[in-house]
2 protein chains.
Amino acid sequence: MKLNDGPRNGSRDNSRDNSKANQKPRPAAGERRLGDFLCFAVYSANLAFGRAYKKGLDELGLTYPQWIAIVALWEQDGQTVSELGEKMFLESNTLTPILKKLEQMGYLRRQRDPADERQVRISLTEAGRRLREKGMHMNLVASTGLKPDEFARLQENVVTLRDNLIKATAEKAE
Amino acid sequence: MKLNDGPRNGSRDNSRDNSKANQKPRPAAGERRLGDFLCFAVYSANLAFGRAYKKGLDELGLTYPQWIAIVALWEQDGQTVSELGEKMFLESNTLTPILKKLEQMGYLRRQRDPADERQVRISLTEAGRRLREKGMHMNLVASTGLKPDEFARLQENVVTLRDNLIKATAEKAE
DNA sequence: TGCGATAAGATCGTATGCGATATAAAGCGC
DNA sequence: GCGCTTTATATCGCATACGATCTTATCGCA
């Protein structure tokens, strides 16, 4: 039984009272408040989506990235790791372990392309396709509290944002 | 030297040609294409933001969540772990290691609240405040390719989306 | 043809997220 | 004031992300 190594040894002879009175809000100037950061809005919305999907994904026994991979493969079977990575915005270092896990679970097969042994082609198994159908109902549109047209518009705006960011980042890398 | 345990043992006597001809796109019906998922747009936009911020954060020697924590603490010093967690949408299991790392780097202090020894109050050090100032210039508005009013509107919409999701998730948990 | 360059995946180490659980302090009921 | 519950934080294990690096296969070209 290890002790918490947190500062639970707080000495009571502390000089000042650390209650609410000690919290000093700071003035805002320009884009300073966390709440004004678009990146933080996206970051926290992503966390919220993950939690919202959790219950449905648990029923399928999948994690969110695993589910995305299944969806992407259902749309187009036999993709290489790179092709799948382009769609998911991930590279092999992240994707390979996910795919190996899904293969181990019996939802897909990974086989070297005979025409180019460097490439690995991924194909869903029958179980994988069934899983995709089973999750077809998962729909959080209602939970977003958005009207269908708002939903579609926001979706487009976020996609545009993402693509602009990627382009700008690639440019700045020279 | 371990061998890759990937399927690099592809037998050349494979029955079918696995080139592009083998990739079968499927029909769309309802919300099926990955590109139509708002959750995926947010997920991938979050990845894109992380990569866009990478260069600036590397200069500060911070990761993204570490930076968010510094920003949140700069706005209000002396918060407890729970209070900070509410703002960052994280809990102690995620936050504690991040805060311990930042403490170890000398950017903040963690001390038990003498008035309630269960709580830990977090305060930026002078170095932490300097770091916040140093990162003040990081601004990706240009990289988003959005006009200021579009930026602000999108930010609001994403925040609304996030809050709706959280509310809906909490409700369904009964 | 042979060999350096490039490409595709995989591996490893580090840093989040997060569910489950542990630990310690406060609250509270009698 | 003694136990039981609740609260605040921390720990642990698993699953991503991702930079750096490795292995193997293919390409380019002299």
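Just so it is clear, the values below take in all heavy atoms, side chains as well, and ignore hydrogens, waters and symmetry mates. Each chain gets a letter, A, B and so on, in the order the sequences are listed, and its residues count up from 1.
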Linking I/L/V/M/F/W/Y whenever any side-chain heavy atoms sit under 4.5 Å apart, do B:Val159 and B:Leu154 land together? no
Minimum heavy-atom distance between A:Gly128 and A:Ile70, given as atom pair plus value: O-CG2, 4.0 Å
Between [atom2] on [N] and [atom1] on [X], what's the gap in Å once rounded to a whole number?
X	N	atom1	atom2	answer
A:Gln119	C:dA7	CD	P	13 Å
B:Asp116	C:dG27	CG	P	6 Å
A:Asn46	C:dT16	CG	P	16 Å
A:Ile70	D:dT16	CD1	P	12 Å
B:Leu102	C:dA15	CG	P	11 Å
A:Tyr53	D:dA15	OH	P	21 Å
B:Ile122	D:dT9	CD1	C1'	10 Å
B:Glu103	D:dT9	CD	P	14 Å

Base, sugar-phosphate alone, or nothing: which one does [X] contact when heavy atoms must sit under 4.0 Å apart?
X	result
A:Thr94	base
B:Ile98	sugar-phosphate
B:Gln66	sugar-phosphate

Between A:Asp163 and A:Lys167, is the closest basic N to carboxylate O distance under 4.0 Å? no
Is A:Arg118 salt-bridged to A:Asp116, cutoff N-O under 4.0 Å? yes
Closest nucleotide of DNA chain D for A:Pro97 versus for B:Lys54: which of these residues is on the 5' side? A:Pro97
Ignoring backbone atoms, establish whether B:Arg110 has a side-chain N or O less than 4.0 Å from OP1 or OP2 of D:dT9. no
Knowing that exactly one of A:Trp67, A:Phe89, A:Tyr64 qualifies, which makes a ring-ring contact (aromatic ring centres under 6.0 Å, His included) with B:Tyr43? A:Tyr64
In the strands shown, is D:dT23 matched to any nucleotide by a Watson-Crick or G-U wobble pair with both distances under 3.5 Å, and which? C:dA8
State which of [options] makes the closest approach to the side chain of [X].
X	options	answer
A:Lys101	D:dA15, D:dA10, C:dA10	D:dA15
A:Val81	D:dT26, C:dA26, C:dA10	C:dA10
A:Glu117	C:dG17, D:dT26, C:dC18	D:dT26
A:Tyr43	D:dA10, C:dT16, C:dG17	C:dG17
B:Arg118	D:dT6, C:dT11, C:dG9	D:dT6
B:Asn93	D:dT11, C:dA26, C:dA8	D:dT11
A:Ser82	C:dA7, C:dG9, D:dA10	C:dG9

Is it the case that over 12 heavy atoms from other parts of the model lie below 6.0 angstrom from the CD atom of B:Glu150? yes
Between A:Leu95 and A:Arg51, which has a closest nucleotide on DNA chain C that is more 5'? A:Leu95
Sorted by position of nearest nucleotide on DNA chain C, 5' first, the leading residue of A:Ala48 and A:Thr96 is A:Thr96
Any N/O donor-acceptor pair, A:Ser92 side-chain to C:dA10 base, under 3.5 Å: yes
